[in-house]
**Student:** 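Before I ask anything, here is the structure I am working with.
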Amino acid sequence: MSLIPPVHGLRFAFGILTVLPVRVTRWDRDTARGGMLCAPLAGLVVGLCAAGVGLLLLLLGAGPLLAAVGGVAVPAVLTRGLHLDGLADTADGLGSGKPAEDALRIMKQSDIGPFGVLTLVFVLLAQVAALAQVYDGSWARGALASVVAATAARLALTLAARAGVPAARPDGLGAAVAGVVPVRGAVGVTLAVTGGAAAAGALFGTYDVLRTALAVVASAVVAGLLLRHCVRRFGGVTGDVFGGLAETAATTALLVLVLG
């Protein structure tokens, strides 16, 4: 494993995980490793943008529901909808009940099947409803929820790219980043994100420290369970699986923040 300048990892993370005008100048395993370790930083920027739009809508007189719609729409726009598309394709593949090869072929098709449509509808409804409820209680906590959810979503990508998790196909984004992150690095990033979320929650009180930290941990656990199931069903990860994991983690984080 060779050392590369951190800027290449940052470029990789923002270049493949956002629509921000960042040019990826290197595409190799070392750069992918740095990029996936930096994935939560891309999530932090996406979350801050989502929080900014939500707060702007509130400032302009919108209610919590419209602010939540804006907060959910921003991450979709900043990722070209790829994570949502991956979620739908993963749902179709899992719901098909077919062997791995056939399921992967279904996931690669351009259309979205009934399992994908239903999953998209319920996930987006859950995200908007949860974020609206948080905004209804506190504009500041609503903004924090957007940031925590987006960051936790990208943390799920870091964990899915850890060593020992194979790629389901020999090509594509999944193959490019599968297994590039050392387990120790994945643990370190998880602790950093959890600690950062807890520190942000401390601005609101002791209970919010626990709640925000729990949101990150729960999102990682739920996404990990989905990852394990996908690896068992498909033989590894794909770009679609990464997208599904991100949306699953974001939804879990929001649900924990509102149910808490």
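Start at 1 with the first residue, then count along the sequence.
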**Student:** Return the CG to CZ distance between Leu37 and Phe12, rounded to the nearest 0.5 Å.
**Tutor:** 11.5 Å
**Student:** Show the numbers, then the answer: is there a side-chain contact (heavy atoms from CB on, under 4.5 Å) between Val77 and Val74?
**Tutor:** CA-CA 5 Å; Val77 171; Val74 167; 5.7 Å; no
**Student:** First locate atom CG of Leu94, then atom CD1 of Ile106, and finally report the distance between them rounded to the nearest 0.5 Å.
**Tutor:** 10.5 Å
**Student:** Sort and list the pairs that fulfil salt bridge (charged side-chain N to carboxylate O under 4.0 Å, His left out) and have at least one residue in residues 67-95, not counting sequence neighbours.
**Tutor:** none
**Student:** Just by distance, do the side chain of Arg33 and the backbone of Val180 share a donor-acceptor pair under 3.5 Å?
**Tutor:** yes
**Student:** Can you give the donor-acceptor pairs under 3.5 Å from side chains of residues 243-251 to other protein atoms, not counting sequence neighbours?
**Tutor:**
unit_1: Glu247; atom_1: OE1; unit_2: Gln127; atom_2: NE2; d: 3.0
unit_1: Thr248; atom_1: OG1; unit_2: Gly244; atom_2: O; d: 2.7
unit_1: Thr251; atom_1: OG1; unit_2: Gln127; atom_2: NE2; d: 2.9
unit_1: Thr251; atom_1: OG1; unit_2: Glu247; atom_2: O; d: 2.8

**Student:** Quick check: does any side chain N or O of Ser219 sit under 3.5 Å from a backbone N or O of Thr252, one acting as donor and the other as acceptor?
**Tutor:** no
**Student:** If you round to the nearest 0.5 Å, how far is CG of Leu87 from CZ of Phe242?
**Tutor:** 15.0 Å
**Student:** Side-chain heavy atoms under 4.5 angstrom apart, residues restricted to Ile, Leu, Val, Met, Phe, Trp, Tyr: same cluster for Val177 and Leu82?
**Tutor:** no
**Student:** Once you round to the nearest 0.5 Å, how far does CG of Leu56 lie from CG of Leu60?
**Tutor:** 4.5 Å
**Student:** Do Val123 and Leu131 land in one hydrophobic cluster if side-chain heavy atoms of ILVMFWY residues count as linked below 4.5 Å?
**Tutor:** yes
**Student:** Would the distance check show the side chain of Arg162 and the main-chain N or O of Thr158 forming a donor-acceptor pair, the cut-off being under 3.5 Å?
**Tutor:** no
**Student:** Does the side chain of Val22 reach to within under 4.5 Å of the side chain of Leu10, using non-hydrogen atoms?
**Tutor:** no
**Student:** Minimum heavy-atom separation for Pro99 to Arg233, with atom names?
**Tutor:** C-NH1, 4.5 Å
**Student:** Contact between Thr190 and Val187 at the side-chain level, heavy atoms closer than 4.5 Å - yes or no?
**Tutor:** no
**Student:** To check you understand the geometry: which heavy-atom pair defines the closest contact between Ala67 and Leu57, and what is its length?
**Tutor:** CA-CD1, 4.0 Å
**Student:** Could you pull out all residues at least two apart from Thr238 that satisfy side-chain contact (heavy atoms from CB on, under 4.5 Å)?
**Tutor:** Leu104, Met107, Ala168, Arg169, Asp240, Val241
**Student:** Within a strict 4.5 Å, meaning less than it, do heavy atoms of the Leu20 and Val45 side chains meet?
**Tutor:** yes
**Student:** Taking the side chain as everything from C-beta on, heavy atoms only, tell me whether Thr212 gets closer than 4.5 Å to Phe204.
**Tutor:** no
**Student:** Please determine whether residues Ile16 and Leu157 belong to a single hydrophobic cluster, defined as Ile, Leu, Val, Met, Phe, Trp and Tyr linked transitively by side-chain heavy-atom distances below 4.5 Å.
**Tutor:** yes
**Student:** Run the side-chain contact (heavy atoms from CB on, under 4.5 Å) check on Thr151 and Val216 step by step: do they pass?
**Tutor:** CA-CA 9 Å; Thr151 307; Val216 174; over 6 Å; no
**Student:** Just checking, is any N or O donor in the side chain of His8 or Arg11 under 3.5 Å from an acceptor N or O on the other one?
**Tutor:** no
**Student:** Taking the side chain as every heavy atom from C-beta outward, state whether Thr79 and Leu17 have any atom pair closer than 4.5 Å.
**Tutor:** no
**Student:** Between atom CG of Leu259 and atom CZ of Arg211, what is the distance when rounded to the nearest 0.5 Å?
**Tutor:** 10.0 Å
**Student:** Arg141: what forms a salt bridge (charged side-chain N to carboxylate O under 4.0 Å, His left out) with it, not counting sequence neighbours?
**Tutor:** Asp208
**Student:** Can you find a pair of side-chain heavy atoms, one from Leu227 and one from Val165, that are under 4.5 Å apart?
**Tutor:** yes
**Student:** Between Gly35 and Ala13, what is the shortest heavy-atom contact and its length?
**Tutor:** O-CB, 3.3 Å
**Student:** Is the closest side-chain heavy-atom distance between Cys230 and Val237 below 4.5 Å?
**Tutor:** no
**Student:** So which atom in Ala198 and which in Val209 form the shortest heavy-atom distance, rounded to 0.1 Å?
**Tutor:** O-CG2, 3.6 Å
**Student:** Could I get the full list of salt bridge (charged side-chain N to carboxylate O under 4.0 Å, His left out) partners for Asp136, not counting sequence neighbours?
**Tutor:** none
**Student:** Do Leu226 and Val231 belong together in a cluster built from hydrophobic side chains that touch within less than 4.5 Å?
**Tutor:** yes
**Student:** Rounded to the nearest 0.5 Å, how far does CG of Leu78 lie from CZ of Phe14?
**Tutor:** 11.0 Å
**Student:** Could you tell me which non-hydrogen atom of Ala88 sits nearest to which non-hydrogen atom of Ile112, and how far apart they are?
**Tutor:** CB-CG2, 3.9 Å
**Student:** Is there any salt bridge (charged side-chain N to carboxylate O under 4.0 Å, His left out) pair reaching into residues 100-126, and which pairs are they, with sequence neighbours excluded?
**Tutor:** Asp102-Arg105
**Student:** Please answer whether the main-chain N or O of Ala176 pairs with a side-chain N or O of Arg29 as donor and acceptor at a distance below 3.5 Å.
**Tutor:** yes
**Student:** At their closest point, which heavy atom of Trp139 faces which heavy atom of Tyr135, and how far apart are they?
**Tutor:** O-CE2, 3.6 Å
**Student:** Honestly curious: do Leu159 and Val222 fall in one hydrophobic cluster under the side-chain, below-4.5 Å linking rule?
**Tutor:** no
